[in-house]
K.L.:
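Please read through the structure below; I'll follow up with questions.
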Amino acid sequence: MKIEHIVIRHLEMDMKAPFTTSFGTFDKKEFLLLEAIDADGTIGWGESVAFNVPFYSEETVKTNWHMLEDFLIPLILHKEIIHPSEVNEIFSAIRKNNMAKSALEGAIWDIYSQQTNQSLAHALGGTRKNIDVGISIGIQNSIEELVDIVAGFVKEGYKRIKVKIKPDWDVEVMRTLRKTFPDVAFMADANSAYRLADTELLKQLDDFDLMMIEQPLASDDIIDHAQLQQELATAICLDESIHSLEDARKAVELGSTKIINIKIGRVGGLTEAVKIHDYCKENNIPVWCGGMLESGVGRAHNVALTTLENFTLPGDTASSSRYFEKDIIEPEVIAENGSIEVPETAGIGYTVNRDTVESYTVAKKEYK
Ligand SMILES: O=C(O)CCC(=O)C1=CC=C[C@@H](O)[C@@H]1C(=O)O
Ligand SMILES: [Mg+2]
């Protein structure tokens, strides 16, 4: 293929309710949507998961636009590409900026799977027809409100409930949830809100039979996490600390993590995500697909990745309606009883609604 035309769009989508983590609150979703067009007219879609603020990672909507326009798009336009796995290699001289890289690589995977007449899931080596999903719940104003929200999602059938925690919103919260819902699969995500000095506090979470605790310590750490894991009965799952296969290997070898949350954007794209999946499979480390409040395009990519064999734990890819009144794809992603049916049509398997995209677009630029 030869990509001859790329469109970057900056979208803003209203969220149904604010989403709060230990690092801040999102009340609208801003992101870059990428459209790549091949010489034969095939169109591929990619989404950058970078937020408008650098709280989860250092990347933002604006830094992504800069990286794409000034460095990444020029490396791709008008070049012959046989297989999307080459894109990683082409980008290798550019350090980090994984979410920007991933958005463009994802669009190229979409084009490739359409041209080879297979679903993106199949192109990635996935086999599942349905994927299990859980849901992620932000920090609330009161434990009572959280209990009500959890009850609603349990009723909807989500396969596990992830609860955001932070200092003073942790042990009592999990104690109440476990008491109220004795049989629900719970996990906690701290988004790096603790330090090794908090080990005694974190050990109290062992009482609540959690599936895992996600990223309790610093976002760039794999050393202290190894020490903490020795003290905890609950499995640690790394999110923010893993940007590549090499990071995954080092964290697993050190004993810093027993489970890995794979986010396509954080690791620089689908090719690297599959490599991490394969390494974890060989080393008996279960993985699951994390979420970044994606619109339908990002969700579609997550669904496809999750069809790989070692995605044995429910991911964060909930229904489109979890955050948005109207998604940009048709049909929307729908989780029924905690399960999403994987589309079998070629490419990402969902159609992008251009009118809806237009209504959320606040800036747009074309590159030829
Ligand atoms: O529903 C989703 O898309 C997942 C939401 C979620 O848990 C997260 C979204 C964005 C940043 C983080 O707070 C985070 C996570 O750390 O996994
Ligand atoms: Mg997380």
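Side chains included, hydrogens not; waters and symmetry mates left out as well; all remaining heavy atoms used. These numbers come from a predicted model, not from an experiment.
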K.L.:
State which residue, out of Arg322, Lys164, Arg160, fulfils the salt bridge (Lys or Arg N to Asp or Glu O under 4.0 Å) condition with Asp316.
P.N.:
Arg160
K.L.:
Whether the side chain of Asp40 engages the backbone of Thr42 through a donor-acceptor N/O pair (distance < 3.5 Å, no angle test) should be reported.
P.N.:
yes
K.L.:
Run the salt-bridge test on Asp239 and Arg266 with the 4.0 Å N-O cut-off and return the result as yes or no.
P.N.:
yes
K.L.:
Between Glu69 and Lys365, is the closest basic N to carboxylate O distance under 4.0 Å?
P.N.:
yes
K.L.:
Looking at residues at least two apart in the chain, or sitting in another chain, which of them share a side-chain hydrogen bond (donor to acceptor under 3.5 Å, both in side chains) with Ser320?
P.N.:
Asp327
K.L.:
Which residues pass the side-chain hydrogen bond (donor to acceptor under 3.5 Å, both in side chains) test with Asn52, sequence neighbours left out?
P.N.:
Glu30
K.L.:
If we only count heavy atoms from C-beta on, is the Ile262 to Cys289 side-chain gap below 4.5 Å?
P.N.:
no
K.L.:
I would like to know whether His83 and Tyr112 meet side chain to side chain contact (heavy atoms under 4.5 Å, CB included); could you show each step before the answer?
P.N.:
CA-CA 7 Å; His83 190 272; Tyr112 170 79; 3.3 Å; yes
K.L.:
Among Ile, Leu, Val, Met, Phe, Trp and Tyr joined by side-chain contacts under 4.5 Å, find the other residues sharing a cluster with Leu313 and list them by chain and number.
P.N.:
Met187, Met211, Met212, Ile259, Trp288
K.L.:
Test of understanding: with side-chain hydrogen bond (donor to acceptor under 3.5 Å, both in side chains), list the residues that count as partners of Arg249, not counting sequence neighbours.
P.N.:
Glu246, Glu253
K.L.:
Taking NZ, NE, NH1 and NH2 as the nitrogens, is one of them in Lys129 or Glu341 under 4.0 Å from a carboxylate oxygen of the other?
P.N.:
no
K.L.:
With distance as the sole criterion, is a donor-acceptor pair present between the side chains of Gln204 and Asp170 under 3.5 Å?
P.N.:
no
K.L.:
Side chains of Trp109 and Thr271: any donor to acceptor distance under 3.5 Å?
P.N.:
yes
K.L.:
So, Glu47 and Ser295: side-chain donor and acceptor under 3.5 Å apart, yes or no?
P.N.:
yes
K.L.:
May I ask you to say whether Asp38 pairs ionically with Lys2, meaning some side-chain N is under 4.0 Å from a carboxylate O?
P.N.:
no
K.L.:
Do you know which of Ile213, Ile165, Asp224 makes side-chain contact (heavy atoms from CB on, under 4.5 Å) with Tyr194?
P.N.:
Ile165
K.L.:
Inspect the contact between Asp14 and Lys326 and indicate whether a charged nitrogen and a carboxylate oxygen are less than 4.0 angstrom apart.
P.N.:
no
K.L.:
Listing request: all side chain to side chain donor-acceptor pair (under 3.5 Å) pairs with a residue in residues 210-223, at least two apart in sequence or in separate chains.
P.N.:
Lys162-Glu214, Glu214-Asn261, Gln215-Ser241, Asp221-His225
K.L.:
Would you say the ring centroid of Phe51 lies under 6.0 angstrom from that of Phe26?
P.N.:
yes
K.L.:
To the closest 0.5 Å, what do you measure between OG1 (Thr199) and CD (Gln230)?
P.N.:
11.0 Å
K.L.:
Sequence neighbours left out, what passes side-chain hydrogen bond (donor to acceptor under 3.5 Å, both in side chains) with Glu12? Give chain and number order.
P.N.:
Lys28
K.L.:
Between His10 and Phe31, does the ring centroid distance fall short of 6.0 Å?
P.N.:
no
